[in-house]
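Let me begin by presenting the structure, written as structure tokens, before commenting on it.
These numbers were taken from a predicted model, which means no experiment stands behind them. What's counted below: heavy atoms across the whole structure, side chains too, no hydrogens, waters or symmetry copies. The chains referred to below are lettered A, B, ... by the order of the sequence lines, with proteins before strands, and numbering in each begins at 1.
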Number of protein chains: 2
Amino acid sequence: MNMDKTVRDPDMPHNETSDISKARLRAWLQILKVSRKIEGELREKMRLEFGSTLPRFDVMAALYRSRDGMRMSELSSALMVSNGNVTGIVDRLVTEGMLVRVPVENDRRASIVRLTEAGEKDFAERALVHEGWVSELFSDLSAHDADALIRILRTVYHHNEAHHD
Amino acid sequence: MNMDKTVRDPDMPHNETSDISKARLRAWLQILKVSRKIEGELREKMRLEFGSTLPRFDVMAALYRSRDGMRMSELSSALMVSNGNVTGIVDRLVTEGMLVRVPVENDRRASIVRLTEAGEKDFAERALVHEGWVSELFSDLSAHDADALIRILRTVYHHNEAHHD
DNA sequence: CCCAAATATTTTATGCTTGAAATAAATGTC
DNA sequence: GACATTTATTTCAAGCATAAAATATTTGGG
């Protein structure tokens with residue numbers, strides 16, 4: 001007698017789906033729900049407190065880690081968004097005085113983007129406040145659960161990393 | 001002697017942050033990373049296989065659960081997006097013949113949106129395929145980890161539900 | 001050297017998303 | 001019954017995001 005609920009009768013009609021499949025779908029919907037909720041909260045705070053946005057914060061965060069600057073293509077692959085997307089966000093940050101585009105020696109196609117002094121200063125301040133917001137939004141998350149969450153999500157992420165069949 | 005790592009020296013400079021705060025930030029960044037990766041994969045599949053989008057799928061899913069239809073305001077609160085957002089998505093789905101707007105008796109401000117017969121049929125098929133995609137993308141997620149994930153994310157979600165101070 | 005292919009980036013068209021303003025209709029209050 | 005308020009929805013402006021096409025430049029044969 002089959003006690004394993006994840007193994008189904010092979011005669012099961014193909015329009016029914018397994019329990020494990022349903023559990024994974026629920027997990028995905030829950031991830032989506034939480035990430036949208038948190039993203040919405042952070043977007044609102046960014047707008048009200050900084051007059052800025054999450055995508056701009058992300059770009060500045062990447063550049064803050066690479067003080068020598070990054071190419072547009074490096075930025076878009078680090079942030080996992082399209083090239084054209086980064087163009088627009090960088091344009092706005094340049095207008096705001098947060099970023100500069102520097103030509104690259106020996107390659108006139110490319111340019112390097114880096115934080116201005118003002119951009120560095122602003123980001124350093126904002127990053128601290130941002131971390132506080134996140135910690136508050138996740139204040140019910142224990143260190144233990146945070147670790148469990150990260151471990152589980154890492155396995156999911158790695159399975160989907162760059163192995164497009 | 002203080003053994004609790006989450007309680008810090010009150011003289012700690014305010015530009016340093018606690019370990020638990022850093023762990024929560026890492027957890028949030030990991031949630032974001034996974035949800036963007038999965039969302040991107042699903043978007044691409046939706047586009048290639050169905051010639052459709054995730055937001056349209058979400059609207060149809062909500063209406064599939066409420067066969068009698070929903071008001072625009074019910075839809076936007078169920079999906080946790082703005083009113084104006086739903087207007088545009090519904091417009092496109094009406095053009096595609098998936099949805100109809102039905103006037104509400106005794107209230108000429110409101111209208112009820114519901115799936116057409118074609119919309120119901122299309123969604124039923126797509127939902128099965130969609131569940132298969134999710135199960136495949138999450139195939140490294142055991143039933144046990146799925147439950148753990150859901151439990152942890154639920155506590156985070158509930159903490160942030162509707163208590164804007 | 002010439003030119004096809006590859007690379008780096010921007011532009012374009014389309015759609016999603018928000019917040020705020022506008023429109024329209026219903027409701028409550030004097 | 002007039003009218004201020006509330007409720008339901010749409011419209012608008014701006015920004016984010018993608019895929020695909022366009023532009024510009026570099027590189028690698030022949």
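Nearest heavy atoms, A:Met70 versus A:Ala78: CE-CB, 3.9 Å.
Here D:dT18 presents its P atom at 10 Å from CG of A:Leu79, a figure rounded to the nearest Å. At whole-Å resolution of the value, CE in A:Met46 and P in C:dT18 are 17 Å apart. B:Glu41 places its CD atom 12 Å from the P atom of D:dT18, with the value rounded to the nearest Å. Put simply, CG on A:Leu93 is 12 Å from P on D:dG15, counting in whole angstrom units. When the P atom of D:dA21 is taken as reference, atom CG of A:Asn83 falls 16 Å away, rounded to whole Å. If you take NZ of B:Lys37 and P of D:dT18, they are 12 Å apart, rounded to a whole angstrom. For A:Glu39 and C:dT18, the CD to P distance is 10 Å, given to the nearest whole Å. Distance CZ (A:Arg71) to P (D:dT25): 15 Å, rounded to an integer number of Å.
For the pair B:Arg126 and B:Glu49, the salt-bridge criterion is not met [side-chain N within less than 4.0 Å of a carboxylate O]. Ion pair A:Arg36/B:Asp58 flagged as a salt bridge, since at least one NZ, NE, NH1 or NH2 atom sits closer than 4.0 Å to an Asp/Glu carboxylate oxygen.
Comparing D:dG15, C:dT9, D:dT9 by their nearest atom to the side chain of A:Arg56 picks out D:dG15. Looking at the side chain of A:Arg101, the nearest of the listed nucleotides C:dT17, D:dT11, C:dT10 is C:dT10.
Checking side-chain atoms of B:His159 against main-chain N and O of B:Thr155 turns up no donor-acceptor pair under 3.5 Å.
Between B:Ser73 and D:dT9 there is a side-chain N or O to OP1 or OP2 distance below 4.0 Å.
For A:Phe50 and A:Phe57, the ring centers are positioned 6.0 Å apart or more.
No side-chain donor from either of B:Arg101 and B:Ser111 sits under 3.5 Å from a side-chain acceptor of the other.
The only member of B:Val81, B:Val86, B:Ile89, B:Ile112 that meets side-chain contact (heavy atoms from CB on, under 4.5 Å) when paired with B:Leu75 is B:Val86.
Toward the 5′ end of DNA chain C lies the nearest nucleotide of A:Ala110, the other residue of the pair A:Asp91 and A:Ala110 mapping further downstream.
Residue contacts shown for B:Ile89 are limited to sugar-phosphate atoms, with no base heavy atom under 4.0 Å away. Residue contacts shown for A:Arg36 are absent, as no nucleic acid heavy atom lies under 4.0 Å away.
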Table of protein N/O atoms under 3.5 Å from nucleotides 19-28 of chain C N/O atoms:
unit_1	atom_1	unit_2	atom_2	d
C:dA26	OP1	B:Arg108	N	3.0

